[in-house]
Amino acid sequence: MSTGTIDLHTHTTHSDGSASPSELIELAGAQRARAVAITDHDTTAAVDAARAAADRVGLEFVSGIEISAEYSPGTMHILGYCIDHESNSLATRLDELKLARETRNPQIASLLQSLGLDVSYDEVAMLAGNKVIGRPHFARVMIEKGYVASIQEAFDRFLKKGAAAYVEKARLSPAESIALIHQAGGVAVLAHPYQLRLGSYQEADELIGELAGIGLDGVEAVYSRHSLEERAGYSEIAARYNLLVTGGSDYHGSYKPDISIVTGLGDLEVPYELLEAVKARAARYQPAQRNDVLNVS
Ligand code: AMP
Ligand code: ZN
Ligand code: FE
Ligand code: FE
């Protein structure tokens, strides 16, 4: 049976979400999701707790990740699904990215201080309580101290690319992001293509064609903040390159208060069939089974 609704894009307290892995799985269960993937930024730390919670709640869990890739002037995020979260090559690179954040975060704090905002990195880390600290956590402290009224205002005035307290983040190239996901046995999907800030579907088509040439497996066409027209447009491009279509809410709890798990802005409906196609494609990247190796004559 392949009916049911799923959510393949969510964040927990291990990155910049407000729900713990088990809380998130329970919320998804309450929305009657059949399957859910957690795609924390640059970390797979939620996987074990989430899988245990999913077993309890009775829904299917998909191990995932969201990697920030080098790209300008917009944002390129690559999602990985069905990954082995204990893959050595992936873990090594993620540790390096974590170290780079530990250099970047105090720089963001200094810039905010030089702009007259009393925000220290220590208090951000403490108040956030999250594992991978980033700009949304700075935004949260800026609200608590009354400097801004919302996370969006903190980004627009201080934290977004090009704003006064923006500091570049260490990123992997798109090719390396895709290769690492494949090495961990997973499929690589271009997240929320609208954030690439391309001028037309023609440009999106060219870029996605190039990414397909270096191993991209899918496109997240069904996304909370995509209009119906964008969902159709990006699905069409994916089909042209024989890529999967995936979908998700990008739930962050109180860090993105307008987005609900599973239903997004209210109209999201991601069918379970999309996950079946993801799992079928993941079989390409699984290490050969021992039996297969022994059977080769
Ligand atoms: P970081 O990893 O520190 O660069 O922060 C990335 C997070 O910030 C992601 O969860 C984004 O959703 C959020 N973010 C990035 N740019 C913006 C923006 N312009 N407005 C609101 N949130 C943003
Ligand atoms: Zn995020
Ligand atoms: Fe993203
Ligand atoms: Fe995300």
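Computed from a predicted model, the values in this text were never measured in an experiment. Every number for a ligand or one of its atoms is a count from 1 in the order of the listing.
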Look at His11 and state whether any of its N, O or S atoms is less than 2.8 Å from the Fe ion (ligand 4).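 A backbone or side-chain N, O or S atom of His11 is under 2.8 Å from the Fe ion (ligand 4).
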
Taking N, O or S atoms only and a limit of 2.8 Å, check whether His192 reaches the Fe ion (ligand 4).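 Given the 2.8 Å cut-off, His192 does not count as a ligand of the Fe ion (ligand 4).
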
Is the distance between the ring centroids of His226 and His192 less than 6.0 Å?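 No; His192 has its ring centre 6.0 Å or more from that of His226.
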
Identity of the N, O or S atom of His252 lying closest to the Zn ion (ligand 2):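 Looking only at N, O and S atoms of His252, the one nearest the Zn ion (ligand 2) is named NE2.
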
Please state which protein non-hydrogen atom is closest to [atom] and give its distance, to 0.1 Å?
| atom | answer |
| --- | --- |
| atom 17 (C) of ligand 1 | Phe155 CD2, 3.2 Å |
| atom 11 (C) of ligand 1 | Lys256 NZ, 4.2 Å |
| atom 9 (C) of ligand 1 | Asp16 OD2, 3.6 Å |

Pick from Val187, Asp84, Ile181, Ile83: which one makes a side-chain contact (heavy atoms from CB on, under 4.5 Å) with Tyr285?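 Exactly one candidate clears the test, Val187.
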
Answer yes or no: are there more than 12 heavy-atom neighbours, outside Lys169 itself, under 6.0 Å from its atom NZ?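 Yes, NZ of Lys169 has more than 12 neighbouring heavy atoms, counting only those of other groups under 6.0 Å.
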
Separation between CG of Leu94 and CG of Asp42, rounded to the nearest 0.5 Å: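 Taking CG in Leu94 and CG in Asp42, the distance rounds to 6.5 Å.
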
Best match, Glu66, His11, Glu153, Arg135: closest heavy atom to atom 4 (O) of ligand 1: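 Looking at heavy atoms only, Arg135 sits closest to atom 4 (O) of ligand 1.
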
Restricting to N, O or S atoms, which atom of Glu66 is closest to the Fe ion (ligand 4)?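 Glu66's closest N, O or S atom to the Fe ion (ligand 4) is named OE1.
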
Using distance alone, decide if ligand 1 has a nitrogen or oxygen within less than 3.5 Å of any nitrogen or oxygen in Lys160.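 Among all N and O atoms of Lys160, none is under 3.5 Å from an N or O of ligand 1.
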
